[in-house]
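In what follows, every chain begins at residue 1, and chains take the letters A, B, ... in the order their sequences are listed. Being a predicted model, the structure only gives us computed values, none of them experimental. Side chains are part of it too, since the values below use all heavy atoms of this structure and drop only hydrogens, waters and symmetry mates.
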Protein chains: 2
Amino acid sequence: MSTIADVARLASVAKATASRALSGRGYVSEETRTRVVAAARTIGYVVSPNAASLVTGRTKNIGVIIPYISRWFFAEVLESVEQALLEQGYDMTLYNLPAPSPERVRVFEYFLARKRFDGVISVGVELSDEEVDHLHHMRRPLVGIGGPIRGVHSIAINDVAAARLATEHLLSLGHTDILHVGGSQEEQMDFDVHSKRLAGFNAAMLAAGHPLAGTFYACELTVPGGYEMGRSVLGDPRRRPTAIFAASDEIAIGLIVAARELGILVPSELSVIGIDGHPYAEMFRLTTLEQHPRNQGRLAVTSLLADLESPTPAPSAESTVLPTNLVMRSSTSAPRPPLP
Amino acid sequence: MSTIADVARLASVAKATASRALSGRGYVSEETRTRVVAAARTIGYVVSPNAASLVTGRTKNIGVIIPYISRWFFAEVLESVEQALLEQGYDMTLYNLPAPSPERVRVFEYFLARKRFDGVISVGVELSDEEVDHLHHMRRPLVGIGGPIRGVHSIAINDVAAARLATEHLLSLGHTDILHVGGSQEEQMDFDVHSKRLAGFNAAMLAAGHPLAGTFYACELTVPGGYEMGRSVLGDPRRRPTAIFAASDEIAIGLIVAARELGILVPSELSVIGIDGHPYAEMFRLTTLEQHPRNQGRLAVTSLLADLESPTPAPSAESTVLPTNLVMRSSTSAPRPPLP
DNA sequence: CTGAAAGCGCTAACAA
DNA sequence: TTGTTAGCGCTTTCAG
């Protein structure tokens, strides 16, 4: 593998000049620049970012921590982040951390601590005070997606408001017998997403004067999770609701599959609304609140790289939540209220 | 950020000794080792892998190229690769390359060319001769998943055999009117997966003496893709098959959703078999050939790291295909032949 | 077993 | 505009 010394020799200049010519920093005459570039091409020279970062302190590498890869929302965020970073010439190093674990400690204390990254994006991970300190201690920008992180910018939707909006949509259609199927209140996701969505649902129901008793069912936030819950809760025609607000599209899809198996027509006999904007929504006649994960990903990258350019004094105490766009997408055949 | 010099000073040893003590390479008395380690702990020292790799040539970082993140199979591979690498103390840098594009060229000529990686794992990407040369030129191990790569080890299933096996399963149940829904023959995926699976299907059908005309339909390899195809091909009762072999579980799921919407009972009126081992298989009464993506991922990592330890002389001309386990998983209610 | 010194590949001062 | 020099943080000879 050739070094910049080889390039310099071939172009008959000093290493420093070759460096300036190739990196674009500092003055080089147009003529020598072309000579250096030509030399680099002929021997197939590519800078060693390791060596460069040793002296510049910049690695052109961003660390990303994320709890799931195969859930739709997270996969979309990841794709958009990777794409945005690549466009800007950055590498993305990925850490997949499903739950608090020994591995997680190791990632924070070892992997993230080695000045290998110019910055870190934390996707859907609620960091402990200690972890935030660890990260801040490195004096590198940090951006969050999915909820606030002390002292840094983050991108998130307002979960309470989203849940409330979704529920109000069902209420406005005339539904009164509405269920919420969401994540377990005992096993919270990070940022208490489960309880926030439940809170939004409850608020809307109470405001409309409906009782809350027996309106909430907890399941895993996956399609099979929603399916199982659907089988058990929709089986009994007497206690069957006319509408369900699901905490995620994946749950909603599972519910719809179960409903159809039980001979319940969706949406005419059962309206289902979810959150995310999942690409399967249309084929399942699902109404959903789009969460625009790709936008969130790009926004995070933009914000992080901006911080890198001009080290903004980190927002002191509270984090900045940039609310994302929330668009209600009604599917081809809109949910209908129960026939009188 | 503290350096090894700080540690050395605090422990009253030379930098070299501190280095030996912390890395475990070279002789250090048990007593000084503990002193050095203690010193490192107190000031929170973590090695800079960049600086270390500059002298050792090892980066403890593996590059991964993958065409999709949100498709189930790829997400699973990614998760398992990341996990296996982390266990071994390696970072994973991810490049998401959906299609041949200018971006792709840049990744190979720039990002992968900068000796930032100890090795590369290529998941489901068929590399051009030029790209393989690029990679080999770096004299770093390379492992493939999904199909052969010239001169290196790779992990893959036998697509022709898998398709044939799936089709034979349907034939053995007594089906004669079988369709294959798979990827377009014009827009091949890498490694010609589409045509291989079609070939396997055709072989089984011919062997059983069935005509091929009108048995193949092409769609996108996604759930909505399968759904659309299902709507159009299952709509007409006269030309409806009794069984379908889908090239992927995602297609199969889409087909089943469409079938159910059209009032076709699955599996009693329509048997569907797919490939992958998707977690939704059971709830959709789908029979599937498991492809064990997580095993493939771990196998790739093991193979790569082994190559790293003892630089095996690359398998000269042809690549080694380690066939993966192929298990047929029958769902709760098995596909049945058409009633006579 | 430990220390001193050299140097990995590169860029940033500073001179020229 | 270019060259010289120093040094980023670490590991590795090579002496001791």
Point-to-point distance, once rounded to the nearest 0.5 Å, from OG1 of A/T93 to CG of A/L85: 10.0 Å

field: Any residue of residues 21-34 of chain A with a heavy atom less than 4.0 Å from an atom of DNA chain D
entry: A/Y27, A/V28, A/S29, A/T32

query: Taking only residues two or more places apart in sequence, or in another chain, which ones meet A/A5 in a side-chain contact (heavy atoms from CB on, under 4.5 Å)?
result: A/T3, A/R9, A/K15

- prompt: With sequence neighbours excluded, what pairs up with B/A52 under the side-chain contact (heavy atoms from CB on, under 4.5 Å) test?
  reply: none

- request: Output yes when a side-chain donor or acceptor of B/D190 lies under 3.5 Å from a complementary backbone atom of B/E126, and no otherwise.
  value: yes

field: Sequence neighbours excluded - salt bridge (charged side-chain N to carboxylate O under 4.0 Å, His left out) pairs with any residue from residues 98-111 of chain B
entry: B/R104-B/E131

Do any N or O atoms of the protein come closer than 3.5 Å to N or O atoms of nucleotides 13-16 of chain D, and which pairs are they?
none

task: Send over the distance from A/R9 CZ to D/dG3 P, rounded to a whole Å.
output: 14 Å

field: Phosphate contact (D/dG9 OP1 or OP2) by B/T3 side-chain N/O below 4.0 Å
entry: no

- line: Assert: residue with more 5' nearest nucleotide on DNA chain D, out of A/A14 and B/S48, is A/A14

task: Identify the 5'-most and 3'-most nucleotides of DNA chain C with at least one atom closer than 4.0 Å to a non-hydrogen atom of chain A.
output: C/dG9 to C/dA13

query: What distance do B/I157 atom CD1 and B/H292 atom NE2 have between them, rounded to the nearest 0.5 Å?
result: 10.0 Å

task: Identify the two heavy atoms, one from B/I62 and one from B/Y90, that lie closest to each other, and give their separation to 0.1 Å.
output: CG1-CD2, 3.7 Å

query: Relative to each other, are the rings of B/Y95 and B/F111 parallel, tilted or perpendicular (30° and 60° limits)?
result: tilted

N/O donor-acceptor pairs under 3.5 Å from side chains in residues 36-48 of chain A, not counting sequence neighbours:
unit_1: A/T42; atom_1: OG1; unit_2: A/A38; atom_2: O; d: 3.4
unit_1: A/T42; atom_1: OG1; unit_2: A/A39; atom_2: O; d: 2.7
unit_1: A/S48; atom_1: OG; unit_2: A/A51; atom_2: N; d: 3.3

statement: One would report the end-axis bend of the helix from C/dC1-D/dG16 to C/dA16-D/dT1, five pairs per end and rounded to 10 degrees, as 40°

- prompt: DNA chain C: B/L54 or B/T17, which has the more 5' nearest nucleotide?
  reply: B/T17

Could you tabulate the donor-acceptor pairs under 3.5 Å formed by side-chain atoms of residues 18-28 of chain B, not counting sequence neighbours?
unit_1: B/S23; atom_1: OG; unit_2: B/S19; atom_2: O; d: 2.9
unit_1: B/S23; atom_1: OG; unit_2: B/R25; atom_2: N; d: 3.3

field: salt bridge (charged side-chain N to carboxylate O under 4.0 Å, His left out) contacts in which one or both residues fall within residues 69-78 of chain B, not counting sequence neighbours
entry: B/E76-B/R294

message: Applying salt bridge (charged side-chain N to carboxylate O under 4.0 Å, His left out) as the test, list every pair that has at least one member in residues 80-89 of chain A; sequence neighbours left out.
response: A/E87-A/R298

task: Can you tell me which residue pairs pass the ring-ring contact (aromatic ring centres under 6.0 Å, His included) test with a partner in residues 55-74 of chain B, sequence neighbours excluded?
output: B/Y68-B/F74, B/W72-B/H278

